J.: 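Dropping a structure here in structure tokens format, bear with me for questions.
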Amino acid sequence: MGFKIATWNINSLKVRLPQVLDWLAQSQPNLLALQETKLIDADFPALDIANAGYQSVFAGQKTYNGVAILSQLPPNDIVTDLPGMNDPQRRVLGATIGNLRVLNLYIPNGQSVGSDKYIYKLAWLENLLSWLETELANHPRLVLLGDFNIAPEDRDVHDPVAWAGHVLCSAPERAAFQRLLGLGLRDAFRLFPQEAHSFSWWDYRAAAFRRNLGLRIDHILASPALAVDCIACWVDKAPRRLERPSDHAPVIAEFNTSDS
DNA sequence: ATGGTGGCGCGGCCA
């Protein structure tokens, strides 16, 4: 038997909880990483999620950010910060689940190239890269997943000319993504043939989803020892079609269970 | 059209 892991920026878990519960029931992932929960921990709907068969671990804050991992097996060795960053923003959640090290990330958006938030994003990525060297050394079977707020290549962008050099597509952001791949991580989505114009996020404005004007910024990266077991990866666009959707769709990766 | 929509929370920030 294999297993499925997923990531979904749900842009408020309070609003989207019914959609998350429906999606869990239909898709039956072994693990779902959420970003932008926008809930303090005291308000996290752990009971509703437990009734759906999933344990929860979460690092929340009011109004902005917030990450959570829902899993069928218990999470251990939980981490909620990048080492060396004293950051009140809740964007990181690491846990060991079964024989898998899971790092759920809500990478900063960056707002616009050159802004303070963009500088923060690049510094954040530097800290992430340093941390990952240690994490990968300690955990051969590691998955890094979440909202990266980076479209790695032009084929991940509906209009690469219009987006050229802009935030989410700029050269320093893409270089940071390539350095993640340089650590041996594999972009699960690109391990397989995919339809052209495959995206994971569409702006709420200008009927972007209907016109498929999107970006692929939500990713599942697998360490070498895990990537060899990956058998599929896809975007599930169905939740983006619902009434009052998140602006992101879930991304799912499926793996064969390793013998070793 | 230098805009547009959505969440939070009630004015303005963030995406």
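This one's a predicted model, so the numbers in the text were calculated from it and none came from an experiment. In what follows, chains are A, B, ... by sequence order, proteins preceding strands, each numbered from 1. Keep in mind that the numbers below use all heavy atoms, side chains included, and drop hydrogens, waters and symmetry copies.
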J.: Assess whether atom CG of A/Asn51 is packed by more than 12 heavy atoms of other residues, nucleotides or ligands within 6.0 Å.
T.: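 Enclosed: over 12 neighbouring heavy atoms sit under 6.0 Å from CG of A/Asn51.
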
J.: For A/Gln28, look at atom CD and say whether over 12 heavy atoms of other residues, nucleotides or ligands are found less than 6.0 Å away.
T.: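 Buried by this count: over 12 neighbours within 6.0 Å.
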
J.: What interatomic distance, in whole Å, is found between P of B/dT2 and the corresponding atom of B/dG7?
T.: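 Rounded to whole Å, the distance is 25 Å.
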
J.: Report the distance from atom CD1 of A/Ile10 to atom C1' of B/dG6, rounded to the nearest whole Å.
T.: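 Roughly 13 Å, once rounded to whole Å.
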
J.: Identify, between A/Gln89 and A/Leu13, the residue whose nearest nucleotide on DNA chain B lies closer to the 5' end.
T.: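 With A/Gln89 and A/Leu13 compared, the 5'-side residue is A/Leu13.
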
J.: Can you check the A/Tyr118 OH to B/dA15 P distance for me, whole Å?
T.: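 Checked: the OH to P distance equals 15 Å.
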
J.: Given atom CG of A/Asn11 and atom C1' of B/dG6, what is their separation to the nearest angstrom?
T.: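 Whole-Å distance recorded here is 7 Å.
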
J.: Once you round it to whole Å, what is the distance between C1' of B/dC14 and CD of A/Gln61?
T.: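 From A/Gln61 CD to B/dC14 C1': 12 Å.
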
J.: Look at all strands and tell whether A/Phe209 reaches a base, only sugar-phosphate, or nothing, counting heavy atoms closer than 4.0 Å.
T.: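 Nothing, no nucleic acid heavy atom in range.
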
J.: Find every protein N or O atom lying less than 3.5 Å from an N or O atom of nucleotides 9-11 of chain B, and list the pairs.
T.:
| unit_1 | atom_1 | unit_2 | atom_2 | d |
| --- | --- | --- | --- | --- |
| B/dG9 | OP1 | A/Lys62 | NZ | 3.2 |
| B/dG9 | OP1 | A/Thr63 | OG1 | 3.1 |

J.: B/dG6 P sits how many Å from A/Asn109 CG, rounded?
T.: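 Distance check: A/Asn109 CG to B/dG6 P gives 18 Å.
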
J.: Tell me if a side-chain donor or acceptor on A/Asn212 pairs with a main-chain N or O of A/His197 at a distance below 3.5 Å.
T.: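 Checked: pair present.
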
J.: What closest approach, in Å, do A/Lys121 and A/Ile107 show between heavy atoms, and which atom pair accounts for it?
T.: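 Closest approach of A/Lys121 to A/Ile107, heavy atoms only: CE-CG2, 4.2 Å.
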
J.: Think A/Arg91 forms a cation-pi with A/Tyr106, using NZ or CZ under 6.0 Å from the six-ring centre and within 45 degrees of its axis?
T.: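 A/Arg91 over A/Tyr106 ring: yes.
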
J.: Output the rounded distance in Å from CG (A/Asp116) to P (B/dA15).
T.: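 Between P of B/dA15 and CG of A/Asp116: 12 Å.
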
J.: Can you tell which of B/dC8, B/dC14, B/dA15 lies closest to the side chain of A/Tyr64?
T.: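 Of B/dC8, B/dC14, B/dA15, B/dC14 is nearest to the side chain of A/Tyr64.
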
J.: Between A/Thr37 and A/Asp247, which is nearer to the 5' end of DNA chain B once each is assigned its nearest nucleotide?
T.: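 Its nucleotide being nearer the 5' end, the pick is A/Thr37.
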
J.: Nearest heavy-atom pair of A/Thr37 and A/Val67: which atoms, and what distance?
T.: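 Of all heavy-atom pairs spanning A/Thr37 and A/Val67, the closest is OG1-N, 3.8 Å.
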
J.: When the P atoms of B/dA15 and B/dG9 are compared, how many Å lie between them, rounded to an integer?
T.: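 It works out to 15 Å between them.
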
J.: Give the ring-plane orientation class for A/Trp201 versus A/Trp163, where under 30° counts as parallel, over 60° as perpendicular and anything between as tilted.
T.: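 Perpendicular, since the angle between the ring planes exceeds 60°.
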
J.: Rounded to whole Å, how long is the line connecting atom CG of A/Leu39 with atom C1' of B/dC8?
T.: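 Those two atoms, CG and C1', are 11 Å apart.
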
J.: What is the minimum heavy-atom distance between A/Leu21 and A/Ala52, and which atoms define it?
T.: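 Answer, listing the atom of A/Leu21 first, then A/Ala52: CD2-CB, 4.0 Å.
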
J.: Kindly point out which of B/dT5, B/dA15, B/dC8 is positioned nearest to the side chain of A/Glu36?
T.: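 Comparing B/dT5, B/dA15, B/dC8 against the side chain of A/Glu36, the answer is B/dA15.
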
J.: Measure the distance from OH on A/Tyr204 to P on B/dC13 and round it to the nearest whole Å.
T.: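 Atom-to-atom, A/Tyr204 to B/dC13, this comes out as 20 Å.
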
J.: List, with names and distances, any nitrogen or oxygen atoms from the protein found under 3.5 Å away from nitrogen or oxygen atoms belonging to nucleotides 2-4 of chain B.
T.:
none

J.: Can you say whether the rings of A/Phe255 and A/Phe3 are parallel (under 30°), tilted (30 to 60°) or perpendicular (over 60°)?
T.: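 Parallel, since the angle between the ring planes stays under 30°.
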
J.: Is the number of heavy atoms from other residues, nucleotides or ligands within 6.0 Å of CZ (A/Arg240) greater than 12?
T.: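 Check passes, neighbour count above 12.
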
J.: Using the C1' atom in both, what is the distance from B/dG4 to B/dC14, to the nearest Å?
T.: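 Per the computed distance, 15 Å lies between those C1' atoms.
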
J.: Between B/dG3 and B/dC13, how many Å separate the two P atoms, rounded to a whole number?
T.: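 Nearest-Å result for B/dG3 against B/dC13 at atom P: 15 Å.
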
J.: B/dG7 phosphate, OP1 or OP2: any side-chain N/O from A/Arg16 under 4.0 angstrom?
T.: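 For A/Arg16, the contact criterion (side-chain N or O under 4.0 Å from OP1 or OP2 of B/dG7) is met.
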
